[in-house]
Amino acid sequence: MLQSSKRYEKGVEDYLDWAFATKAIGDQISCPCKLCYHRFWHRRDKVFNHLIANGIQQGTEGWNLHDSGMSSALNTEMNTEGIPDDMDRLINEEVGNEPNAEAKKFYKLIEDGKEELYPGCKTFSKLSFLIRLFLLKCIHGLTNNAFSEILDLIRELLPEAKLPKSFNEANKLVKDLGLHYDKIDACRNDCMLYWKDHEADTFCHVCQAPRWKESENQGGNQVTNTSHKVPAKVIWYFPLKPRLQRIYMCSETAELMRWHDEKRDKDELLRHPADGQAWKEFD
């Protein structure tokens, strides 16, 4: 169903002019149509098509179409042409009137992504600068203290720079990106992980090796009996789910992630990893 009113189309154009001037990240904004409802980001032409086809969600910031009850008329038309009234309720139950904790983190990242590093800076946003700094930290093996001191030096040079005060504060931003890791204790002989049902175990249930490092003054035969126990081995686990969620938040990368299923030639010839049996079993 298309919204054919010229007055409505003019209102959409005016809204898009405002939204892309104030809310865009790159060449995209979150789509305010009734189906997307700010969950997906698109370029202007796609947002325009969505708003014409689906209508705009009531209460959208910046929507200034107030002539002669146009909005209510359009909403009535939407409901009489196959879009059930329960659609809004379903979306609101999923998204909620107030964003959940994860959504709040994401919206905060969007704001940081648009915020200038300092007034007049056109090269970096606050977020892009921190990510670049973290990249240098990883490449050159900088310590956490060195990272914090670099932040201090930059703030002395540019007092107006909007930077965190320490590595720990900056690390929270990166964690919200879904790039964090979890530390999980492991058996020193690689038999098991102290995880889930075994999280509180103190000995390996396979080889009986102790979980904790042994005290040097006990000849290596007894477990250190102190309040501060050091695990014999630790693995760093990089959760897959939040990384995939971040990839699928962008419509362009989401399309690329679906390419193997939607656009790949499926002629049984082995020309891509997705043609292999291992991929098929994983998928």
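- The minimum heavy-atom distance between L193 and A186, with the atom names listed, is CD2-CB, 3.8 Å.
- In this structure, L130 is a member of the same hydrophobic cluster as I154, with clusters built from ILVMFWY side-chain heavy atoms closer than 4.5 Å.
- Contact detail for F167 and K137: the closest heavy-atom pair is CE1-CE, 3.5 Å.
- Checked by atom type and distance alone, the side chain of D261 never pairs as donor or acceptor with a backbone atom of R258 at under 3.5 Å.
- Between C207 and C191, the shortest heavy-atom contact is SG-SG, 3.8 Å.
- Within a 6.0 Å sphere centred on CG of D197, other residues, nucleotides and ligands contribute 12 heavy atoms or fewer.
- To the nearest 0.5 Å, the span separating NE2 on H198 from CE on M192 amounts to 5.0 Å.
- Residues T60 and H38 approach most closely at CG2-NE2, 4.1 Å, considering heavy atoms.
- In this structure, F40 and H50 have side chains that are not in contact, with every pair of non-hydrogen atoms separated by 4.5 Å or more.
- Using a distance-only test at 3.5 Å, with no hydrogens or angles considered, no donor-acceptor pair links the side chain of Y118 to the main chain of P159.
- Two residues are said to be in side-chain contact when any heavy atoms from C-beta on lie closer than 4.5 Å; I150 and L142 meet this criterion.
- Counted within 6.0 Å of NZ on K263, heavy atoms from surrounding residues, nucleotides or ligands total 12 or fewer; the atom is thus considered open.
- Summarising the hydrophobic clusters (Ile, Leu, Val, Met, Phe, Trp, Tyr; side-chain heavy atoms under 4.5 Å, direct or chained), the residues clustered with V230 are none.
- In this structure the side chain of R44 reaches within 4.5 angstrom of the side chain of E13, judged on heavy atoms.
- From C204, atom SG reaches atom OH of Y194 across 5.5 Å, with rounding to the nearest 0.5 Å.
- The side-chain hydrogen bond (donor to acceptor under 3.5 Å, both in side chains) search around K183 returns none, not counting sequence neighbours.
- Looking at residues two or more places apart in sequence or on another chain, you find no salt bridge (charged side-chain N to carboxylate O under 4.0 Å, His left out) involving E169.
- The CG atom of D17 lies 10.5 Å from the OG1 atom of T22; values are rounded to the nearest 0.5 Å.
- Applying the salt bridge (charged side-chain N to carboxylate O under 4.0 Å, His left out) test to D27 and every residue at least two apart in sequence or in another chain returns R43.
- For the pair R155 and D152, the salt-bridge criterion is met [side-chain N within less than 4.0 Å of a carboxylate O].
- Taking all atoms of both residues into account, the shortest heavy-atom contact from L133 to L151 is CD2-CD2, 3.7 Å.
- Pairing each heavy atom of C33 with each of N54, the nearest pair is SG-ND2, 3.5 Å.
- No more than 12 heavy atoms of other residues, nucleotides or ligands sit less than 6.0 Å from atom CD of E199.
- Annotation: side chain of L16 is in contact with side chain of I29 (closest heavy-atom distance under 4.5 Å).
- R132 meets the salt bridge (charged side-chain N to carboxylate O under 4.0 Å, His left out) test with no other residue; sequence neighbours excluded.
- Remark: K233 pairs with D190 by the side-chain hydrogen bond (donor to acceptor under 3.5 Å, both in side chains) rule, at least two apart or across chains.
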